[in-house]
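For reference, the structure discussed in these notes is given below.
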Amino acid sequence: MPNTYFQFKQFRINQDQCAMKVCTDSCVFGAYLEVRQAKRVLDIGTGTGLLALMVAQRSEAEVEAVEINPEAQVQALQNFVESPWADRLKLHPMPLQEFAETCTQQYDVILSNPPFFLASLKSDNAAKNTAKHTGDLLFEDILTFAQKHLTQDGKLYLLLPPAEANHFAELAQTHALYLTETMEIFTRIGGKCIRHVQTYTCNPKANTLTKTLYIRKEDGTTYTPDFSELLRDYYLIF
């Protein structure tokens with residue numbers, strides 16, 4: 001049984017009410033985001049609020065979050081209120097599509113670890129299906145929102161499995177958003193690539209840079225120096 005909470009250096013994630021718990025690839029994503037200069041950030045599909053809190057720790061930005069699931073809404077709000085940055089965190093308890101109808105704000109950073117399995121079999125857990133499968137929140141909705149609400153120099157960040165990441169990159173171009181950077185996350189040196197962290201901007205002439213991060217060394221147990229350094233400000237073990 002997963003822990004009911006995950007303790008970071010500066011905040012705690014209570015997660016007993018959420019289908020999707022804190023996981024390593026999400027932590028990598030949150031630590032990787034370039035947000036130090038951002039003034040306003042939006043986290044789409046915040047879940048427990050993990051990514052919004054990681055952003056708040058590392059920036060002075062006003063951080064907003066959108067969440068569709070009622071249980072996750074309660075949990076994210078709890079985590080926000082109990083954090084040191086409660087005054088800079090705001091939850092919108094609604095689907096992105098509803099939020100988009102009234103949103104007039106521009107964001108320096110929009111980020112999402114969205115529902116991503118396009119064609120895989122669903123489980124019997126309805127909450128987990130909502131969190132992991134594209135149905136209620138489609139890639140096109142994210143792209144349409146980002147195209148309208150990113151600042152001129154803003155960035156859209158996505159965390160997706162490789163196949164879905166490639167699909168998203170193709171769709172993005174139809175919304176005038178262009179892939180400028182990919183970080184490929186591997187379970188270990190010599191292991192499998194499990195996720196892509198993608199960075200999109202409005203600049204069609206930007207070159208695409210590819211980076212690699214290995215979570216663990218060849219033994220599958222020891223964390224790599226790159227991983228340790230990336231999560232140093234967050235994980236208690238570093």
Side-chain angles (χ1 to χ4, degrees), residues 2-3 5-9 11 13 15 18-35 41 43-55 57-58 65 67 72 75-76 79 109-118 120 123 125 127-134 137 139 142 155-169 179 181-200 209-238:
N3 282 345
Y5 68 89
F6 193 103
Q7 184 66 49
F8 292 87
K9 285 185 175 179
F11 62 91
I13 292 293
Q15 56 183 3
C18 284
M20 300 305 296
K21 313 302 182 184
V22 171
C23 57
T24 303
D25 52 286
S26 291
C27 292
V28 168
F29 184 41
Y32 182 75
L33 300 168
E34 294 181 11
V35 294
V41 177
D43 176 13
I44 299 174
T46 197
T48 60
L50 168 65
L51 297 175
L53 284 161
M54 293 182 78
V55 167
Q57 176 180 323
R58 210 166 68 257
E67 176 54 50
Q75 196 105 80
N79 291 330
V109 171
I110 297 175
L111 62 104
S112 185
N113 178 10
F116 50 71
F117 290 126
L118 295 170
S120 59
S123 72
N125 186 321
K128 186 168 287 189
N129 282 337
T130 299
K132 294 186 70 173
H133 293 264
T134 56
L137 178 63
F139 289 172
I142 297 174
K155 293 182 178 181
L156 169 66
Y157 291 96
L158 271 291
L159 175 66
L160 291 166
E164 285 77 7
N166 292 334
H167 177 64
F168 192 95
L179 181 63
E181 187 171 291
T182 296
M183 183 173 72
E184 299 177 347
I185 305 174
F186 288 78
T187 54
R188 61 179 177 84
I189 296 175
K192 179 182 179 181
C193 180
I194 55 170
R195 296 288 185 272
H196 284 186
V197 175
Q198 296 182 311
T199 306
Y200 291 89
L209 176 67
T210 300
K211 301 179 179 179
T212 300
L213 177 73
Y214 299 99
I215 296 173
R216 292 180 172 84
K217 295 182 179 181
E218 291 92 341
D219 61 13
T221 302
T222 310
Y223 288 124
T224 64
D226 286 346
F227 177 85
S228 301
E229 183 60 31
L230 184 63
L231 274 299
R232 187 172 303 280
D233 290 341
Y234 296 100
Y235 274 19
L236 292 173
I237 60 174
F238 299 140

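All values derive from a computational prediction rather than experimental measurement. Residues take their numbers from the sequence shown, with the count starting at 1.
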Non-neighbouring partners of Glu218 that pass salt bridge (Lys or Arg N to Asp or Glu O under 4.0 Å), sequence neighbours left out:
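With sequence neighbours excluded, Glu218 shows a salt bridge (Lys or Arg N to Asp or Glu O under 4.0 Å) to no residue whatsoever.
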Suppose we screen for salt bridge (Lys or Arg N to Asp or Glu O under 4.0 Å). Which residues come up paired with Lys217, at least two apart in sequence or across chains?
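By the salt bridge (Lys or Arg N to Asp or Glu O under 4.0 Å) rule, Lys217 matches no residue at all.
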For the residue pair [X] and [Y], establish whether any side-chain heavy-atom pair is separated by less than 4.5 Å.
| X | Y | answer |
| --- | --- | --- |
| Thr212 | Cys193 | no |
| Ser26 | Leu159 | yes |
| Phe238 | Leu231 | yes |

If you compare all heavy atoms of [X] against all heavy atoms of [Y], which two are closest, and at what distance to 0.1 Å?
| X | Y | value |
| --- | --- | --- |
| Gly49 | Ala76 | N-CB, 4.1 Å |
| Ala52 | Thr46 | CB-OG1, 4.0 Å |
| Leu156 | Leu158 | CG-CD2, 3.5 Å |
| Ser112 | Ile142 | OG-CD1, 3.9 Å |

Gap separating the [atom1] atom of [X] from the [atom2] atom of [Y], nearest 0.5 angstrom:
| X | Y | atom1 | atom2 | answer |
| --- | --- | --- | --- | --- |
| Asp25 | Ile215 | CG | CD1 | 7.0 Å |
| Tyr235 | Leu230 | OH | CG | 9.5 Å |
| Thr24 | Arg195 | OG1 | CZ | 10.5 Å |
| Asn113 | Cys23 | CG | SG | 6.5 Å |
| Leu179 | Phe168 | CG | CZ | 10.0 Å |
| Lys211 | Thr199 | NZ | OG1 | 8.0 Å |

What orientation do Phe8 and Phe6 show, parallel under 30°, tilted 30 to 60°, or perpendicular over 60°?
tilted
What do the steps show when you test Thr222 against Phe227 for side chain to side chain contact (heavy atoms under 4.5 Å, CB included), and what is the final call?
CA-CA 10 Å; Thr222 310; Phe227 177 85; over 6 Å; no
For Tyr214, which residues count as a side-chain hydrogen bond (donor to acceptor under 3.5 Å, both in side chains) partner, sequence neighbours excluded?
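Tyr214 satisfies side-chain hydrogen bond (donor to acceptor under 3.5 Å, both in side chains) with no other residue.
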Taking only residues two or more places apart in sequence, or in another chain, which ones meet Tyr223 in a side-chain hydrogen bond (donor to acceptor under 3.5 Å, both in side chains)?
Arg216
May I have the list of side-chain donor-acceptor pairs in residues 182-192 shorter than 3.5 Å, sequence neighbours left out?
residue: Thr187; atom: OG1; partner: Lys192; partner atom: N; Å: 3.4

Residue list, side chain to side chain contact (heavy atoms under 4.5 Å, CB included) with Leu33, at least two apart or on another chain
Phe29, Val35, Val55, Arg58, Leu111, Tyr157
Please list, chain by chain and in numerical order, all residues satisfying side chain to side chain contact (heavy atoms under 4.5 Å, CB included) with Ala165, sequence neighbours excluded.
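Residues passing side chain to side chain contact (heavy atoms under 4.5 Å, CB included) with Ala165: Leu160, His196, Gln198.
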Just by modelled atom types, is the Leu213 backbone N or O under 3.5 Å from a matching donor or acceptor in the Asp226 side chain?
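Looks like no, no N/O pair under 3.5 Å.
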Do Lys21 side-chain atoms and Gln15 backbone N/O form a donor-acceptor pair below 3.5 Å?
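Judged by distance alone, yes, a pair lies under 3.5 Å.
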Please list all pairs passing the salt bridge (charged side-chain N to carboxylate O under 4.0 Å, His left out) test where one or both residues lie in residues 227-238, with sequence neighbours left out.
Glu229-Arg232
